[in-house]
Engineer: 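This is the structure I want to talk about, given as structure tokens.
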Amino acid sequence: MKAETRGIHGGYEESRFLGSSAVPIFSTVSYAHLTAEEIEEVFAGKKPGYIYTRISNPTTSILETRIAELEGGIGCIATSSGMGAISATIMALLKSGEHLVSASGIFGGTISLFDKTLKRFGVDTTFVDSDEAEDFESAVNEKTKAIFIEAIGNPKMNVVDIPGIAEVARKHNIPLILDNTLISPYILKGYESEADIVIHSSTKYINGHGTAMGGLLTDTGRYDWSSGSFDDIRELSKEYRNLAFLVWVRNLIYRDLGCCPSPVNSFFMLQGLETLCFRMEKHVENARRLAKWLEENKDVKWVNYPGLPSSPYYGRVEKLFNGKGGGLLTFGLGSREKAFRFINSLEIAKNLANLGDAKTLVIHPASTIFHEFSDEEREAMGVTEDMIRVSVGIENIEDIIGDFDKAITTAMEE
Amino acid sequence: MKIDVNGKSVDLEKQFTISELLKKMEVKMPDMVSVELNGKIIRKDQYDEMVVKDGDKVEFLYFMGGGNGFFRRTD
């Protein structure tokens, strides 16, 4: 089955749900069992069955199965947000005194999690300011338990050497965690990325309409947990084989953190998945055309879109993402003031903190998503004062360009 | 030849690769199944070349919603 078909039918059998063509929303907290003996068996893991929606839910299970199939992974766990998926993954793998290696040009929320929150719990992170595998390898030490990267850095718009970094992770017997939010499982299937765990903020392209928060973590099945670097998971693998990581997350970290999604939000994600492939094609095409138009505009100082032939990352986009550079780009008009005037003059594009929506969205990252960081920290993350981030929507591209043209002209007037 | 699939004995008329066996056994959701051959995890990129021989033990494992998430399923 191809991705377009799987996104519509994957993981769902109507015959198990009274023939309901749409996936039913199981809006329930708990699940009644006929006997005390039966619920005892379900709690003990001897019998399949649901217990409590904080642990699992039938609507969410269908989403998880559909994603695991799309990613070519061995299983998926859906969470309340992308940050929930990253938190659960990192907390499942690392404990106090251990070390994480991370790319540096990544989402501000993820940097805050690693550099502020997890630091309080004794987990140390080295941020690598490079796209090359050898620099990631240099940052690995004897306490390193995982490497974290984004498929396209947000908002740095860089593309790291994913297969090269996967090779480094394999060499050191640690998992590579890939946040694939900006590229989606349609453009880059989790298993083929060579990463061991793939994360998505499904709030973005998978939902696609800005209507629900969600996250996903998928085990691609590449990492051998039975001989891995994690004592607890290796022990668990004696019983649960290579599903030990997922069982460990589901039955301990995820259950205890309480980062489960609402079943209603899982339904929204399933709806979004039905059109993901088609929307991604349009996001990519519109982003490519807008980036090209911006590049040719005399008032635009710089444009960063990895899908532009002039981008230093274009070669990697062709090799890793089949030439599809995603729907996010950044550009600058030379100053923060011009950026603000531009944003204030737009009529179609919305000024808000999200991406991957059907609508075109803009934001000034330095004063919003990255406001808690110092000027030096922002510079290291590649967030300049004049940067405008654009999540290119699926509207008619001529309307988007017309909106940008007018707003740039106004921004340059004063 | 005889092999053992999830604890059940199965007769096969010839040697099968893992890919062929997934089809032959009509394994559901073959893209998300975790396959073990004689206790060793088989990566997806080995499915086409890895051959199942007489006496081998094969496990098809699934991570599903409900219970503890871990299932052996052949139906």
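Each chain gets a letter, A, B and so on, in the order its sequence line appears, and its residues count up from 1. Keep in mind that this is a model prediction, so the values were computed, not measured.
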Engineer: Heavy-atom pairs under 4.5 Å with chain A are the metric here; pick the option from B:R43, B:E36, B:K40 that has the most.
Structural biologist: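 Counting heavy-atom pairs under 4.5 Å, the top option is B:E36.
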
Engineer: Is there a donor-acceptor pair closer than 3.5 Å between any side-chain N or O of A:E194 and the backbone N or O of A:A166?
Structural biologist: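 No: the side chain of A:E194 does not pair with the backbone of A:A166.
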
Engineer: With a 4.5 Å cut-off on heavy-atom pairs, point out which of A:G75, A:G49, A:A44 contacts chain B the most.
Structural biologist: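 With the most close heavy-atom pairs to chain B, the winner is A:G49.
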
Engineer: Using a 4.5 angstrom heavy-atom cutoff, name the option from A:K47, A:E41, A:R6, A:E239 with the most pairs to chain B.
Structural biologist: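 Heavy-atom pairs under 4.5 Å are most numerous for A:R6.
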
Engineer: Heavy-atom pairs under 4.5 Å with chain B are the metric here; pick the option from A:G73, A:G11, A:A244 that has the most.
Structural biologist: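 Of A:G73, A:G11, A:A244, A:G73 has the most heavy-atom pairs under 4.5 Å with chain B.
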
Engineer: Which region of A:R222, side chain (C-beta onward) or backbone (N, CA, C, O), has a non-hydrogen atom less than 4.5 Å from a non-hydrogen atom of chain B, or is it both or neither?
Structural biologist: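 Contact with chain B: backbone and side chain both.
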
Engineer: Between A:T65, A:I55, A:N57, which shows the greatest number of heavy-atom pairs under 4.5 Å with chain B?
Structural biologist: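 Result: the option with the highest number of such pairs is A:T65.
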
Engineer: Could you tell me whether the side chain of A:I62 reaches within less than 4.5 Å of the side chain of A:L270, counting heavy atoms only?
Structural biologist: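 With C-beta onward as the side chain, the pair touches.
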
Engineer: For A:Y240, is it the side chain, the backbone, both or neither that has a heavy atom under 4.5 Å from a heavy atom of chain B?
Structural biologist: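 Its backbone and side chain both get close to chain B.
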
Engineer: With ring centroids as reference points, do A:F245 and A:F230 lie under 6.0 angstrom apart?
Structural biologist: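 Here the rings of A:F230 and A:F245 have centres that are no less than 6.0 Å from each other.
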
Engineer: I want to check a possible cation-pi pair here: A:R241 against B:F70, using under 6.0 Å from ring centre and within 45° of the ring axis as the test.
Structural biologist: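 Verdict for B:F70: no cation-pi partner in A:R241.
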
Engineer: In terms of heavy-atom pairs under 4.5 Å, which option from B:P30, B:S34, B:G69 contacts chain A the most?
Structural biologist: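 Max contact count across the listed options: B:S34.
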
Engineer: Think B:K14 forms a cation-pi with B:F16, using NZ or CZ under 6.0 Å from the six-ring centre and within 45 degrees of its axis?
Structural biologist: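 Judged by the rule, B:K14 and B:F16 form a cation-pi pair.
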
Engineer: Name the region of A:N242, side chain, backbone, both or neither, that has any atom closer than 4.5 Å to a heavy atom of chain B.
Structural biologist: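 A:N242 touches chain B through backbone and side-chain heavy atoms alike.
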
Engineer: Distance-only, no hydrogens or angles: does the A:T59 side chain make a donor-acceptor pair with backbone N or O of A:P24 under 3.5 Å?
Structural biologist: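 A pair under 3.5 Å: yes.
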
Engineer: Are A:F26 and A:F17 close enough that some pair of their side-chain heavy atoms sits under 4.5 Å apart?
Structural biologist: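 They are in contact (side-chain heavy atoms under 4.5 Å apart), so the answer is yes.
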
